[in-house]
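Chain A is the first sequence line, chain B the second, and so forth, proteins listed ahead of strands; every chain is numbered from 1.
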Number of protein chains: 2
Amino acid sequence: MKRSLEHIEYKEDTEALAKFAKALGHPTRIAILKHLENQSCCFTGDLVDVFPLAQSTVSQHLKELKNAGLIQGELKPPKIKYCIDQENWNIAKSLFQKFFD
Amino acid sequence: MKRSLEHIEYKEDTEALAKFAKALGHPTRIAILKHLENQSCCFTGDLVDVFPLAQSTVSQHLKELKNAGLIQGELKPPKIKYCIDQENWNIAKSLFQKFFD
DNA sequence: TTAGTTTATCGCCAATAGACGATAGGTTTA
DNA sequence: TAAACCTATCGTCTATTGGCGATAAACTAA
């Protein structure tokens with residue numbers, strides 16, 4: 001994008017909401033989060049079994065969810081346990097709530 | 001994306017939520033919608049004045065919001081009046097609500 | 001009919017996203 | 001130590017996104 005440097009300034013809430021929404025903007029990531037809500041937590045391998053996607057692809061989606069703050073990874077060697085990041089989850093929840101009135 | 005043809009099948013709600021989220025995944029579009037919530041309605045030209053973006057860019061964002069169903073355009077020649085699509089807005093609202101529990 | 005106004009679309013370009021296979025980096029177990 | 005297991009990262013590819021200017025399309029007003 002040509003204007004990536006001379007960035008438009010938006011309100012903090014607007015940026016935050018867009019960031020969360022962007023992370024939710026792919027059905028696989030929605031499905032991952034729904035899965036995490038049910039199971040409360042799970043490992044990467046569990047998800048690779050659930051979705052017909054390469055392990056690297058699932059890992060990439062997890063990374064994006066983690067970057068958005070929606071999930072967090074806990075080292076349980078040799079596995080990694082992913083859970084909803086409850087704090088940011090609540091922030092996202094209230095941002096969407098407020099947005100939709 | 002290599003697998004765009006052999007698409008994964010997700011639940012209807014998952015697809016719908018991802019579609020709405022994707023449309024919300026850009027700060028400009030969030031800002032446009034917030035503006036529409038305040039003004040209830042507005043014309044393309046109004047938004048072009050508000051945002052430091054080319055007219056074609058604003059038009060493009062409006063198109064994406066319309067494709068997602070979040071807004072609708074009403075012909076008021078020679079202008080076009082954009083408003084929130086209340087029906088789909090409520091659908092989106094409840095999908096996000098349900099998603100976040 | 002002509003000119004002006006308003007918005008959508010087209011064509012282009014750079015950057016990002018989404019998929020994959022292959023590889024690397026841990027940890028556990030034999 | 002060696003082998004096995006689990007996950008992240010790298011490199012590559014294609015599709016999509018987001019920006020712009022220029023142009024087209026549709027309507028109004030002179």
Go through the steps to decide whether B/Tyr10 and A/Phe51 satisfy the test side chain to side chain contact (heavy atoms under 4.5 Å, CB included), and finish with yes or no. CA-CA 10 Å; B/Tyr10 292 98; A/Phe51 298 101; 3.8 Å; yes
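Across the protein-nucleic acid pair, A/Tyr82 atom OH and D/dT7 atom P stand 9 Å apart, rounded to whole Å. In this structure, B/Lys63 places its NZ atom 15 Å from C1' of D/dA25, rounding to the nearest Å. Atom CD1 in A/Ile30 sits roughly 16 Å away from atom C1' in C/dG18 (whole-Å rounding). In this structure, A/Asn67 places its CG atom 13 Å from P of C/dG18, rounding to the nearest Å. The distance from atom CZ of B/Phe51 to atom P of C/dT7 is 15 Å, rounded to the nearest whole Å. Taking atom CD of residue A/Gln60 and atom P of nucleotide D/dA8, one finds them 11 Å apart after rounding to whole Å. Between A/Lys81 atom NZ and D/dT7 atom P the separation is 13 Å, expressed in whole Å.
At least one side-chain heavy atom of B/Leu24 sits less than 4.5 Å from a side-chain heavy atom of B/Ile30. In this structure, the side chains of B/Ile71 and B/Asp85 stay at 4.5 Å or more apart for every pair of heavy atoms.
Residue contacts for B/Lys66: at a heavy-atom cut-off of 4.0 Å it reaches no nucleic acid atom on any strand shown.
Residues from residues 38-50 of chain A that place a heavy atom under 4.0 Å from any atom of DNA chain D, listed by number: A/Phe43, A/Thr44, A/Gly45.
Distances shorter than 4.0 Å separate some side-chain N or O of A/Lys22 from OP1 or OP2 on C/dA17. Side-chain nitrogen and oxygen atoms of A/His61 include none within less than 4.0 Å of the OP1 or OP2 phosphate oxygen of C/dA17. Note on B/Thr57: a side-chain N or O is less than 4.0 Å away from OP1 or OP2 of D/dC20. OP1 or OP2 of C/dA19 has at least one side-chain nitrogen or oxygen of A/His26 nearer than 4.0 Å.
Both A/Leu36 and A/Ile80 sit in one connected hydrophobic cluster of ILVMFWY residues. Membership requires side-chain heavy atoms under 4.5 Å apart, directly or through other members. A continuous path of hydrophobic side-chain contacts links B/Leu65 to B/Ile91 [ILVMFWY only; heavy atoms under 4.5 Å].
Between B/Lys98 and B/Asp13 a salt bridge is recorded (basic side-chain N to carboxylate O distance below 4.0 Å).
Of all heavy-atom pairs between B/Ile8 and B/Glu15, the closest is O-OE2, 4.0 Å. The two residues B/Ala16 and B/Leu95 make their nearest non-hydrogen contact at CB-CD1, 3.8 Å.
Summary of the strand contacts: A/Ala54 and B/Ser59 both lie near DNA chain C, and taking for each the nucleotide with the nearest heavy atom, the more 5' one is attributed to B/Ser59. When each of B/Ser56 and A/Glu64 is assigned the nucleotide of DNA chain C with its nearest heavy atom, B/Ser56 is the one assigned upstream, toward the 5' end.
If one axis is set at each end of the helix from C/dT1-D/dA30 to C/dA30-D/dT1 from five pairs, those axes are 10° apart, to 10°.
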Distances for protein N or O near nucleotides 23-26 of chain C N or O, under 3.5 Å:
none

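Evaluated for a ring-ring contact (aromatic ring centres under 6.0 Å, His included) with A/Phe100, the options B/Phe96, B/Phe99, B/Phe100 yield exactly one hit, B/Phe96.
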